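The structure under discussion appears below in the form of structure tokens.
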Amino acid sequence: MAVKQRKHIWRVVSGDLEIEIDCLAGGKIRRLLSRKSKRNFFFKDPRKQLNGKAYLEHDISGFDECFPTVGKSQGRFGMDHGVLWNTSWQASRQGDQLITRVVRPHGMPVIFTRIVSKSGPNKIHLDYTIVNTGKTAFPFIYSSHPILALDTQSRIVLPGVKQLSVLGHNGALKAGNRQPWPLAVLKNGTPTRLDTHFSARRQLAGKWFAKGIGSAEISFPSTKERLTLTWDQEKLPYMGLWLSLGIPLDKRHTESKDWICAALEPCSHNHDIINSRKIAALKPGEPYSFWMEWELDSRKKAAKRVRRKILIKKIRRMLPVRNKRNSKKKG
């Protein structure tokens with residue numbers, strides 16, 4: 001694995017997979033790149049004028065970390081999408097690992113550490129540790145926030161999932177606390193797919209949660225690649241799914257066609273807002289550790305391997321038959 005630095009930007013490379021981290025932008029993983037196809041799997045914010053202090057007024061490109069909340073919550077540290085995304089992080093190389101860390105973000109008594117390393121060919125592993133350095137416990141939500149760029153043929157696979165719990169959407173779907181996956185129903189009764197056929201014409205946006213899974217896949221037929229995200233299912237028992245198909249966050253500077261993206265968000269709670277009576281608290285000095293991993297697979301390579309194996313088997317089957325026939329002719 002290669003770890004390279006250029007000013008405040010760090011790059012970590014594992015085979016055909018590359019991650020680019022911006023430490024001045026809240027430790028944001030700006031790009032998740034296929035070095036083979038040159039595809040950046042992460043969404044790039046199309047807006048140019050981003051001078052606000054709120055989360056939705058800043059560059060939402062790539063992968064932000066959300067802690068101790070996602071939605072705006074009560075309390076000093078209940079900022080929208082948490083306290084990590086709008087503060088500078090520290091970074092250092094240690095052998096083949098990149099250690100990124102933020103200490104007391106916005107004065108919050110916490111140390112948030114993310115270690116980036118290689119766990120196999122085309123695999124990048126993220127190890128996290130959160131430590132409460134204060135004297136009292138506090139409730140928290142952790143959620144990853146990687147936003148992926150989609151095209152029409154892209155397909156999201158959530159293994160074993162048949163239903164999603166509904167946090168909310170723009171009213172395009174049939175009302176209910178749960179919706180089937182991957183085939184949901186529009187409010188007029190027409191079936192619609194949530195896992196593929198992504199286009200701005202659909203005018204659909206929403207947030208849902210899946211429970212009891214530890215992986216998600218998204219395939220890109222146009223470059224014959226598949227990206228798999230796996231995570232610590234015990235510490236992150238939920239996955240949030242956010243879709244935006246033709247619904248701009250900011251209509252002043254962008255068009256519907258600019259917003260075709262999805263966020264796959266392994267998280268600790270099936271809601272975005274802190275409720276101190278329903279969620280866990282982080283105790284003083286007690287580390288909360290978990291992990292995530294990205295893996296890139298080129299289906300073109302896999303297909304070649306399968307074809308080669310099939311061809312070898314055919315040749316092996318043919319050889320004994322020919323030998324037997326030849327031996328009969330000789331006799």
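A quick note: this is a predicted structure, and the numbers were derived from the prediction, not measured.
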Is it the case that the side chain of His106 and the backbone of Met108 share a donor-acceptor pair, with hydrogens and angles ignored and the cut-off at 3.5 Å? no
What pairs of residues pass the side chain to side chain donor-acceptor pair (under 3.5 Å) test when at least one of them lies in residues 57-79, not counting sequence neighbours? Lys28-Asp64, Arg30-Asp59, Tyr55-Asp64, Asp59-Ser61, Glu65-Arg114, Glu65-Tyr128, Glu65-Tyr142, Thr69-Ser73
Look at the side-chain heavy atoms of Ile, Leu, Val, Met, Phe, Trp and Tyr, link any pair under 4.5 Å apart, and say whether Tyr238 and Val70 land in one connected group. no
Between Ser289 and Thr129, do the side chains contain a donor N or O and an acceptor N or O under 3.5 Å apart? yes
In short, Gly246 meets Pro248 closest at the heavy-atom pair O-CD, 3.4 Å
Closer than 4.0 angstrom, basic N to acidic O: yes or no for Lys7 and Asp22? no
So, the side chain of Asp232 versus the backbone of Met292: is there a donor-acceptor pair under 3.5 Å, distance only? no
Using a 3.5 Å distance criterion without hydrogens, assess whether the side chain of Ser154 forms a donor-acceptor pair with backbone atoms of Asp151. yes
Less than 4.5 Å apart, side chain to side chain, heavy atoms only: is that true for Thr223 and Lys36? no
Hey, what do you get for CE (Met239) to CD1 (Ile213), rounding to the nearest 0.5 Å? 5.0 Å
Is it the case that more than 12 heavy atoms not belonging to Lys4 sit under 6.0 Å from its NZ atom? no
With rounding to the nearest 0.5 Å, note down the distance linking CG in Leu158 to CG in Leu241. 6.5 Å
Is there side-chain contact between Ile130 and Pro287, with heavy atoms separated by less than 4.5 Å? no
Tell me whether Met79 shares a hydrophobic cluster with Leu56, the cluster being built from Ile, Leu, Val, Met, Phe, Trp, Tyr side chains joined at under 4.5 Å. no
Say whether, by atom type as modelled, one donor and one acceptor occur between the side chain of Asn132 and the main chain of Leu282 under 3.5 angstrom. yes
Please confirm whether the backbone N or O of Asp80 pairs with a side-chain atom of Trp85, one donor and one acceptor, at under 3.5 Å? yes
Let's go through Ser165 and Trp208 carefully: what are the C-alpha distance in whole Å and the side-chain angles of both, what is the deciding distance for side-chain hydrogen bond (donor to acceptor under 3.5 Å, both in side chains) to 0.1 Å, and is it a yes or a no? CA-CA 6 Å; Ser165 60; Trp208 303 266; over 6 Å; no
Do you see a donor-acceptor pair shorter than 3.5 Å between the side chains of Ser215 and Trp231? no
Cationic N near anionic O, under 4.0 Å, Arg11 to Glu20: no
Short side-chain to backbone donor-acceptor contact, Asp45 and Ile60, under 3.5 Å: yes
Does some side-chain heavy atom of Phe43 sit less than 4.5 Å from a side-chain heavy atom of Ile260? no
In Å and rounded to the nearest 0.5 Å, what is the CG to CZ distance from Asp250 to Arg47? 5.5 Å
Close side-chain approach of Leu84 and Phe112, heavy atoms under 4.5 Å: yes
Ring centers of Phe41, Trp294 separated by less than 6.0 Å: no
CD1-CD1 distance between Ile19 and Ile29, expressed to the nearest 0.5 angstrom: 4.5 Å
Would you call Ile218 and Arg155 a side-chain contact if the rule is heavy atoms closer than 4.5 Å? no
For a quick check under 3.5 Å, do Thr196 and Gln153 share a side-chain donor-acceptor pair by atom type? no
Main chain of Lys123, side chain of Ser14: is a donor-acceptor contact present, judged purely on distance under 3.5 Å? yes
Applying side chain to side chain donor-acceptor pair (under 3.5 Å) to Arg93 and not counting sequence neighbours gives none
Note, Lys48 side chain near Leu50 side chain (heavy atom, < 4.5 Å): no
Report yes or no: do Ser34 and Glu225 form a side-chain donor-acceptor pair below 3.5 Å? yes
Arg201: side chain to side chain donor-acceptor pair (under 3.5 Å) partners, not counting sequence neighbours: none
Please tell me if the side chains of Leu227 and Leu32 come closer than 4.5 Å, counting only heavy atoms from C-beta onward. yes
Take atom CG of Asn188 as the centre, draw a 6.0 Å sphere, and report whether it contains more than 12 heavy atoms from other residues, nucleotides or ligands. yes
Atom NE2 of His269 and atom CD1 of Ile279: how far apart are they, to the nearest 0.5 Å? 5.5 Å
Has the side chain of Trp181 got a donor or acceptor atom that lies under 3.5 Å from a matching backbone atom of Lys162? no
Check the pair Arg226, Ser219 against side-chain hydrogen bond (donor to acceptor under 3.5 Å, both in side chains), reporting the backbone distance first and the verdict last. CA-CA 4 Å; Arg226 181 177 68 236; Ser219 58; over 6 Å; no
Measure the CH2-OG1 distance between Trp10 and Thr100 for me, rounded to the nearest 0.5 Å. 10.5 Å
